[in-house]
Amino acid sequence: MRGTLVPAALAALIALSGCTSPGGPMAGAPASGIYRITEADEGRVQFAMLDEVNALRSAGGAEALSLDAALNAAAVTHSRDMARQNRPWHFSSDGSSPIERVRRAGYTGGFVGEVIAESFETERETVAAWMLEEGSRQAILNPAARDAGIGWFQEPGGKIWWTLVTGAPGAGASAVSRPAGTLPPAPGIAAPPGGAGFGGGAIQLPRS
(Lines give C-alpha, C1' and ligand atoms only; values in the text may rest on other atoms or scores of the structure.)
Protein backbone atom coordinates (compact mmCIF):
# COMPACT_ATOMS: atom_id res chain seq x y z
CA MET A 1 0.00 0.00 0.00
CA ARG A 2 2.61 2.49 -1.13
CA GLY A 3 4.71 1.96 1.98
CA THR A 4 1.87 2.74 4.41
CA LEU A 5 1.88 0.80 7.67
CA VAL A 6 -1.44 -0.98 8.16
CA PRO A 7 -2.62 -1.72 11.74
CA ALA A 8 -3.08 -5.39 12.56
CA ALA A 9 -6.86 -5.01 12.98
CA LEU A 10 -7.14 -3.34 9.60
CA ALA A 11 -4.97 -5.98 7.95
CA ALA A 12 -7.36 -8.62 9.27
CA LEU A 13 -10.24 -6.51 8.10
CA ILE A 14 -8.90 -6.44 4.55
CA ALA A 15 -8.23 -10.17 4.54
CA LEU A 16 -11.78 -10.98 5.64
CA SER A 17 -13.64 -8.54 3.41
CA GLY A 18 -14.56 -8.44 -0.23
CA CYS A 19 -12.45 -5.33 -0.70
CA THR A 20 -12.12 -4.02 -4.24
CA SER A 21 -8.55 -3.93 -5.47
CA PRO A 22 -7.11 -0.93 -7.30
CA GLY A 23 -8.08 -0.79 -10.93
CA GLY A 24 -8.50 1.45 -13.93
CA PRO A 25 -11.47 3.59 -14.84
CA MET A 26 -14.85 1.93 -15.15
CA ALA A 27 -16.27 1.31 -18.59
CA GLY A 28 -19.90 1.44 -19.63
CA ALA A 29 -20.96 5.08 -19.22
CA PRO A 30 -24.55 5.63 -20.33
CA ALA A 31 -24.98 7.32 -23.69
CA SER A 32 -27.87 9.46 -22.44
CA GLY A 33 -30.22 9.99 -19.54
CA ILE A 34 -27.46 10.69 -17.01
CA TYR A 35 -28.69 10.86 -13.42
CA ARG A 36 -27.68 14.24 -12.01
CA ILE A 37 -27.49 15.20 -8.35
CA THR A 38 -27.74 18.92 -7.58
CA GLU A 39 -26.73 20.70 -4.40
CA ALA A 40 -30.41 21.05 -3.52
CA ASP A 41 -30.76 17.24 -3.67
CA GLU A 42 -28.24 16.55 -0.89
CA GLY A 43 -30.66 15.86 1.96
CA ARG A 44 -33.10 13.96 -0.24
CA VAL A 45 -30.41 11.69 -1.66
CA GLN A 46 -28.81 10.96 1.71
CA PHE A 47 -32.10 9.98 3.31
CA ALA A 48 -33.27 8.05 0.25
CA MET A 49 -30.16 5.87 0.46
CA LEU A 50 -30.48 5.59 4.24
CA ASP A 51 -34.11 4.50 3.95
CA GLU A 52 -33.18 1.78 1.46
CA VAL A 53 -30.43 0.52 3.76
CA ASN A 54 -32.69 0.59 6.82
CA ALA A 55 -35.46 -1.28 5.00
CA LEU A 56 -32.96 -4.05 4.25
CA ARG A 57 -31.62 -4.03 7.80
CA SER A 58 -35.14 -4.24 9.22
CA ALA A 59 -35.89 -7.25 7.02
CA GLY A 60 -32.73 -8.88 8.34
CA GLY A 61 -33.49 -8.13 11.98
CA ALA A 62 -30.89 -5.38 12.46
CA GLU A 63 -31.53 -1.99 14.04
CA ALA A 64 -31.95 1.09 11.85
CA LEU A 65 -29.00 3.39 11.22
CA SER A 66 -29.01 7.12 11.97
CA LEU A 67 -27.06 9.65 9.92
CA ASP A 68 -24.12 11.15 11.76
CA ALA A 69 -22.62 14.49 10.71
CA ALA A 70 -19.00 13.43 11.28
CA LEU A 71 -19.46 10.19 9.33
CA ASN A 72 -21.15 12.16 6.53
CA ALA A 73 -18.08 14.38 6.36
CA ALA A 74 -15.76 11.36 6.22
CA ALA A 75 -17.87 9.80 3.44
CA VAL A 76 -17.91 12.97 1.32
CA THR A 77 -14.16 13.43 1.72
CA HIS A 78 -13.44 9.87 0.62
CA SER A 79 -15.77 10.08 -2.38
CA ARG A 80 -13.88 13.13 -3.61
CA ASP A 81 -10.58 11.40 -3.00
CA MET A 82 -11.62 8.29 -4.94
CA ALA A 83 -12.47 10.55 -7.88
CA ARG A 84 -8.98 12.07 -7.69
CA GLN A 85 -7.43 8.59 -7.59
CA ASN A 86 -9.84 7.42 -10.32
CA ARG A 87 -10.44 4.10 -8.60
CA PRO A 88 -12.89 2.68 -6.03
CA TRP A 89 -10.48 1.99 -3.18
CA HIS A 90 -10.71 2.11 0.60
CA PHE A 91 -7.40 3.87 1.22
CA SER A 92 -7.07 7.62 0.71
CA SER A 93 -4.44 9.19 -1.53
CA ASP A 94 -2.49 10.14 1.61
CA GLY A 95 -2.47 6.49 2.72
CA SER A 96 -5.05 6.89 5.48
CA SER A 97 -7.40 4.01 6.28
CA PRO A 98 -11.18 4.19 6.86
CA ILE A 99 -10.53 3.97 10.61
CA GLU A 100 -8.21 6.96 10.45
CA ARG A 101 -10.62 8.94 8.26
CA VAL A 102 -13.58 8.66 10.62
CA ARG A 103 -11.41 9.67 13.58
CA ARG A 104 -10.03 12.62 11.64
CA ALA A 105 -13.59 13.72 10.82
CA GLY A 106 -14.35 13.89 14.54
CA TYR A 107 -16.42 10.73 14.97
CA THR A 108 -16.22 9.66 18.61
CA GLY A 109 -17.56 6.15 18.10
CA GLY A 110 -15.90 3.14 16.53
CA PHE A 111 -15.57 2.34 12.84
CA VAL A 112 -17.68 -0.66 11.74
CA GLY A 113 -17.62 -0.78 7.93
CA GLU A 114 -17.42 1.02 4.63
CA VAL A 115 -19.07 0.35 1.27
CA ILE A 116 -17.98 2.18 -1.88
CA ALA A 117 -19.05 2.36 -5.51
CA GLU A 118 -18.12 3.89 -8.83
CA SER A 119 -21.39 4.14 -10.71
CA PHE A 120 -23.70 6.03 -13.05
CA GLU A 121 -26.68 4.76 -11.05
CA THR A 122 -29.13 6.37 -8.62
CA GLU A 123 -28.79 5.95 -4.88
CA ARG A 124 -31.48 3.22 -4.86
CA GLU A 125 -29.90 1.31 -7.73
CA THR A 126 -26.49 1.58 -6.06
CA VAL A 127 -27.81 0.00 -2.85
CA ALA A 128 -29.43 -2.77 -4.91
CA ALA A 129 -26.11 -3.45 -6.63
CA TRP A 130 -24.27 -3.52 -3.30
CA MET A 131 -26.68 -6.17 -2.07
CA LEU A 132 -25.64 -8.47 -4.92
CA GLU A 133 -22.04 -8.57 -3.62
CA GLU A 134 -21.52 -10.62 -0.45
CA GLY A 135 -18.96 -8.37 1.22
CA SER A 136 -21.03 -5.24 0.66
CA ARG A 137 -24.19 -7.03 1.77
CA GLN A 138 -22.59 -8.13 5.05
CA ALA A 139 -21.29 -4.62 5.74
CA ILE A 140 -24.72 -3.07 5.14
CA LEU A 141 -26.50 -5.60 7.35
CA ASN A 142 -23.85 -5.71 10.12
CA PRO A 143 -25.87 -5.56 13.39
CA ALA A 144 -23.00 -3.83 15.20
CA ALA A 145 -23.56 -0.62 13.22
CA ARG A 146 -25.79 2.14 14.59
CA ASP A 147 -24.58 5.29 12.79
CA ALA A 148 -24.03 5.97 9.11
CA GLY A 149 -22.41 8.54 6.88
CA ILE A 150 -23.35 8.89 3.22
CA GLY A 151 -21.40 10.87 0.69
CA TRP A 152 -20.80 11.12 -3.03
CA PHE A 153 -18.97 13.09 -5.65
CA GLN A 154 -20.31 13.43 -9.19
CA GLU A 155 -17.98 14.12 -12.10
CA PRO A 156 -19.05 16.41 -14.97
CA GLY A 157 -19.58 13.35 -17.17
CA GLY A 158 -22.09 11.92 -14.68
CA LYS A 159 -20.05 9.24 -12.91
CA ILE A 160 -20.80 9.13 -9.18
CA TRP A 161 -18.38 7.99 -6.50
CA TRP A 162 -20.42 6.73 -3.54
CA THR A 163 -19.29 6.08 0.04
CA LEU A 164 -21.38 4.61 2.86
CA VAL A 165 -19.50 4.35 6.16
CA THR A 166 -20.94 2.90 9.37
CA GLY A 167 -19.99 3.14 13.02
CA ALA A 168 -20.97 2.25 16.56
CA PRO A 169 -21.65 5.47 18.49
CA GLY A 170 -19.68 6.89 21.37
CA ALA A 171 -20.18 10.06 23.40
CA GLY A 172 -21.08 13.24 21.55
CA ALA A 173 -22.72 11.75 18.46
CA SER A 174 -24.16 14.39 16.12
CA ALA A 175 -27.35 13.14 14.46
CA VAL A 176 -28.53 14.62 11.16
CA SER A 177 -32.20 15.64 10.90
CA ARG A 178 -34.37 14.54 7.99
CA PRO A 179 -35.21 17.44 5.63
CA ALA A 180 -38.84 18.57 5.65
CA GLY A 181 -40.96 16.89 3.01
CA THR A 182 -38.85 13.72 2.71
CA LEU A 183 -40.56 10.54 3.85
CA PRO A 184 -39.39 6.92 3.86
CA PRO A 185 -40.30 5.18 0.59
CA ALA A 186 -42.86 2.44 0.21
CA PRO A 187 -41.40 -1.04 0.79
CA GLY A 188 -39.40 -2.44 -2.08
CA ILE A 189 -35.89 -2.08 -3.44
CA ALA A 190 -35.03 -0.78 -6.89
CA ALA A 191 -33.96 -3.28 -9.51
CA PRO A 192 -30.18 -3.67 -9.72
CA PRO A 193 -28.43 -1.61 -12.37
CA GLY A 194 -27.90 -3.19 -15.74
CA GLY A 195 -25.64 -2.20 -18.58
CA ALA A 196 -24.42 1.16 -17.26
CA GLY A 197 -21.32 -0.10 -15.44
CA PHE A 198 -20.68 -0.50 -11.73
CA GLY A 199 -17.61 -0.95 -9.59
CA GLY A 200 -17.32 -1.10 -5.83
CA GLY A 201 -16.51 -3.07 -2.72
CA ALA A 202 -16.74 -3.25 1.06
CA ILE A 203 -14.51 -3.36 4.09
CA GLN A 204 -15.50 -4.01 7.72
CA LEU A 205 -14.06 -4.98 11.07
CA PRO A 206 -14.37 -8.71 11.81
CA ARG A 207 -17.42 -9.43 13.97
CA SER A 208 -16.70 -10.53 17.50
Side-chain angles (χ1 to χ4, degrees), residues 33-79 82 88 98 102 105 107 109 111-154 158-169 173-194 196 198-204:
I34 292 175
Y35 177 61
R36 294 284 183 187
I37 303 175
T38 68
E39 186 174 343
D41 291 330
E42 180 176 345
R44 177 192 64 78
V45 169
Q46 281 184 325
F47 277 93
M49 179 171 276
L50 181 71
D51 290 337
E52 294 295 326
V53 167
N54 280 338
L56 292 162
R57 288 175 61 85
S58 176
E63 290 190 26
L65 303 177
S66 298
L67 282 183
D68 179 87
L71 291 181
N72 277 346
V76 170
T77 297
H78 189 55
S79 290
M82 286 193 295
V102 300
Y107 184 62
F111 171 83
V112 174
E114 180 177 85
V115 190
I116 56 175
E118 173 191 15
S119 172
F120 288 89
E121 308 301 332
T122 70
E123 58 277 2
R124 297 190 72 204
E125 292 167 336
T126 299
V127 172
W130 277 333
M131 293 300 289
L132 297 178
E133 197 281 316
E134 185 60 26
S136 298
R137 181 184 183 89
Q138 288 183 11
I140 287 171
L141 300 180
N142 191 330
R146 293 293 185 274
D147 292 334
I150 295 170
W152 64 88
F153 176 76
Q154 186 165 34
K159 182 191 292 185
I160 307 172
W161 300 84
W162 296 98
T163 303
L164 167 64
V165 60
T166 60
S174 180
V176 177
S177 300
R178 180 184 295 274
T182 62
L183 298 174
I189 299 300
F198 182 91
I203 192 168
Q204 62 178 327

Checklist outcome for this item: Scanning both residues in full, the closest heavy-atom pair of Glu118 with Pro88 reads OE1-CD, 3.4 Å
Item to check | Side chain Arg146, main chain Pro143, donor-acceptor under 3.5 Å | outcome: yes
Next on the checklist: Is there a side-chain contact (heavy atoms from CB on, under 4.5 Å) between Met131 and Leu141? Walk through the geometry before answering.
Outcome noted: CA-CA 9 Å; Met131 293 300 289; Leu141 300 180; 4.1 Å; yes
Item to check | Which atom of Val76 lies closest to which atom of Gly151, heavy atoms considered | outcome: CG2-CA, 3.8 Å
Item to check | Glu123 side-chain N/O to Ala48 backbone N/O, donor-acceptor pair under 3.5 Å | outcome: no
Checklist entry - Shortest non-hydrogen contact from Phe120 to Lys159? => result CE2-N, 3.3 Å
Next on the checklist: I'd like to know if the side chain of Tyr107 and the backbone of Ala168 have a donor-acceptor N/O pair within less than 3.5 Å.
Outcome noted: yes
Checklist entry - With a 4.5 Å heavy-atom cut-off, do Ile160 and Glu121 have their side chains touching? => result no
Checklist entry - Quick one: are Gln46 and Trp152 in side-chain contact, heavy atoms under 4.5 Å? => result yes
Checklist outcome for this item: Here the gap from Glu125 atom CD to Met49 atom CE, rounded to the nearest 0.5 Å, amounts to 10.5 Å
Checklist entry - How far does OG1 of Thr77 sit from CG of Asn72, to the nearest 0.5 angstrom? => result 10.5 Å
Next on the checklist: Please evaluate residues Val127 and Trp162 with respect to the criterion side-chain contact (heavy atoms from CB on, under 4.5 Å), reporting the C-alpha separation (whole Å), side-chain torsions for both, the decisive distance (0.1 Å), and the verdict.
Outcome noted: CA-CA 10 Å; Val127 172; Trp162 296 98; over 6 Å; no
Checklist entry - Do any N or O atoms from the side chain of Gln154 and from the backbone of Tyr35 form a donor-acceptor pair under 3.5 angstrom? => result yes
Checklist entry - Applying the side-chain contact (heavy atoms from CB on, under 4.5 Å) test to Val115, which of Thr166, Ile140, Val165 qualifies? => result Ile140
Checklist entry - Just one of Ile150, Ile116, Leu50, Leu71 clears the side-chain contact (heavy atoms from CB on, under 4.5 Å) bar with Leu164, so which one? => result Ile150
Item to check | Side-chain donor or acceptor of Asn54 paired with backbone N/O of Leu65 under 3.5 Å | outcome: yes
